[in-house]
Amino acid sequence: MDFSDPKRKPRYLSKILMVALLTAMCVVMLTQPPCHRRTPSVLTVGAVYSTLVSRSFLQDNLSRGNMGAIKVNRIFAENAFDAVMHFAAVAYVGESTLEPLRYYHNITSNTLVVLEAMAAHNVRTLIYSSTCATYGEPEKMPITEETPQFPINPYGKAKKMAEDIILDFSKSKKSDMAVMILRYFNVIGSDPEGRLGEAPKPELREHGRISGACFDAALGIIPGLKVKGTDYETPDGTCVRDYIDVTDLVDAHVKALNKAERGKVGIYNVGTGKGRSVKEFVEACKKATGVDIKVDYFSRRPGDYAEVYSDPARINNELNWTAQHTDLMESLRVAWTWQKKHRSGYGSPQAMVL
């Protein structure tokens, strides 16, 4: 492991590149050429889609309890951080209904570990990756940050618990925290420069995201796409989601970090404000891949909800952030480019002939 200088030094950055895939690893960052103001040295907890411009790199799985706590404290003791970006989480709704305890431990308990380490080492800025799953099934759309949170699956419940812990800690006189909570909607896309993409482990494919399933079907890894649920109260009977490109997610985190203020909490929905149905998504995937993917329809997946899309007005106004990559087919085309070259995930790149 290559750690940054343990003595705190001023660092100057022109831009920070970072994003998250919701899995459980750790990564630290970062410096770029000088500019006229200082930006924080940041510990990033969680996996990333895009390469971080960095002088130091650290990797650690926090899903195993006490050893994870020891490692986190050692990381803080050996380095000087001004902020933490906490991306780490297991993040499959269906799997969370089958293994709820794992989700509460990985998401909620490990967030407590990170907060305790931050408190012990006087790190006062936290950017936390949360989820629209904390809202459950709201009575009306679009979802604002004031929409009541009633999560309906263990993934959403674990994330809300983590949010509550963070908010309670931020209110205590001892904390003096700068907190930004970003509630993602459905992340899609890939690093536009083709360096990294989404590659879940084989055993997680059944619980994975629709984009991964579409690509697997297009690659012939699976015989076809299974769409679960066609009787929802939506225009075409399939789930409606707000799909946010990972490149826009990078920008949201950079702007959240730049706007974080001690003693204040910011909570923001990160989405496009437009819902797309699963059937629309599948048609866009067929066009992006050029493959006439076979589609089979099944009963609903446990823990899913019918319709979720955001009202991004607050993040637009307060952070000057707006989703720029809103062409669904183009986001899928960029991700497909990586998938074609990496049929074995992060093994050796492979060319593919269709």
Side-chain angles (χ1 to χ4, degrees), residues 19-23 47-51 91-94 184-230 234-250 271-272 274-298 301 304 309 323-354:
V19 312
L21 175 67
L22 303 172
T23 54
V48 296
Y49 278 96
S50 185
T51 302
Y92 295 104
V93 168
Y184 302 176
F185 282 66
N186 292 70
V187 183
I188 59 169
S190 185
D191 171 20
E193 295 187 20
R195 294 167 295 186
L196 298 175
E198 184 176 11
K201 294 179 180 179
E203 63 269 22
L204 294 175
R205 290 184 187 275
E206 181 182 352
H207 303 293
R209 295 167 182 81
I210 185 174
S211 56
C214 280
F215 294 144
D216 282 350
L219 289 167
I221 295 172
I222 58 176
L225 181 64
K226 297 178 180 180
V227 173
K228 298 182 179 181
T230 59
T234 60
D236 64 20
T238 62
C239 292
V240 169
R241 297 290 182 266
D242 187 341
Y243 296 100
I244 175 73
D245 192 283
V246 69
T247 305
D248 287 322
L249 202 59
V250 173
T272 67
K274 182 178 180 180
R276 308 284 185 87
S277 75
V278 169
K279 285 185 178 178
E280 287 182 90
F281 191 100
V282 171
E283 290 306 310
C285 193
K286 287 180 179 181
K287 292 178 182 178
T289 62
V291 178
D292 187 15
I293 299 167
K294 178 188 175 185
V295 182
D296 293 315
Y297 296 94
F298 295 87
R301 182 175 64 174
D304 262 345
Y309 61 93
Q324 301 296 316
H325 301 81
T326 58
D327 185 326
L328 184 58
M329 189 179 76
E330 178 61 16
S331 291
L332 292 172
R333 186 198 64 77
V334 171
W336 174 240
T337 299
W338 189 88
Q339 294 289 333
K340 286 190 295 182
K341 295 179 180 178
H342 299 83
R343 296 191 63 167
S344 300
Y346 284 98
S348 299
Q350 301 171 0
M352 177 188 146
V353 179
L354 290 175

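Each residue takes its place number in the sequence, starting with 1.
The nearest pair of heavy atoms linking V278 to T238 is N-OG1, 3.3 Å. Closest of all the heavy-atom pairs between V246 and G189 is CG1-C, 4.0 Å. Taking each heavy atom of F215 and W336 in turn, the nearest pair found is CD2-CE3, 3.4 Å. For the pair T247 and D245, the tightest heavy-atom approach, listed with the atom from each and the gap, is N-OD1, 2.8 Å. Considering all non-hydrogen atoms of both residues, A288 and M329 come closest at CB-O, 3.7 Å. In terms of heavy-atom proximity, G224 sits nearest to A217 at C-CB, 3.9 Å.
Atom CG of L249 is separated from atom NE2 of H325 by 12.0 Å, given to the nearest 0.5 angstrom. Between the CG atom in D236 and the OG atom in S277 there is a gap of 3.5 Å [rounded to 0.5 Å]. Of the inter-residue distances, the one linking R333 atom CZ with L328 atom CG reads 13.0 Å to the nearest 0.5 angstrom. Within the model, atoms OG1 of T337 and CG of L332 stand 11.0 Å from one another, a figure rounded to the nearest 0.5 Å. Rounding to the nearest 0.5 angstrom, the gap separating the CD1 atom in I210 from the CG atom in L225 is 6.0 Å. Once rounded to the nearest 0.5 Å, the distance linking NE2 of H342 with CG of L219 reads 12.5 Å.
Under the side chain to side chain donor-acceptor pair (under 3.5 Å) criterion, D327 pairs with no residue, sequence neighbours left out. Listed by chain and number, the residues in a ring-ring contact (aromatic ring centres under 6.0 Å, His included) with Y243 are F281 (sequence neighbours excluded).
Remark: side-chain polar atoms of D248 are paired, donor with acceptor, to backbone N or O of Q324 under 3.5 angstrom. In this structure, the side chain of E198 does not engage the main chain of Q339 through any donor-acceptor pair within 3.5 Å.
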Review point. Given I293 and C285, is the side-chain contact (heavy atoms from CB on, under 4.5 Å) satisfied, shown in steps?
Key: CA-CA 9 Å; I293 299 167; C285 193; 4.1 Å; yes

Practice item. Assess whether side-chain contact (heavy atoms from CB on, under 4.5 Å) is satisfied between K286 and E283, documenting all intermediate values. Key: CA-CA 5 Å; K286 287 180 179 181; E283 290 306 310; 3.6 Å; yes

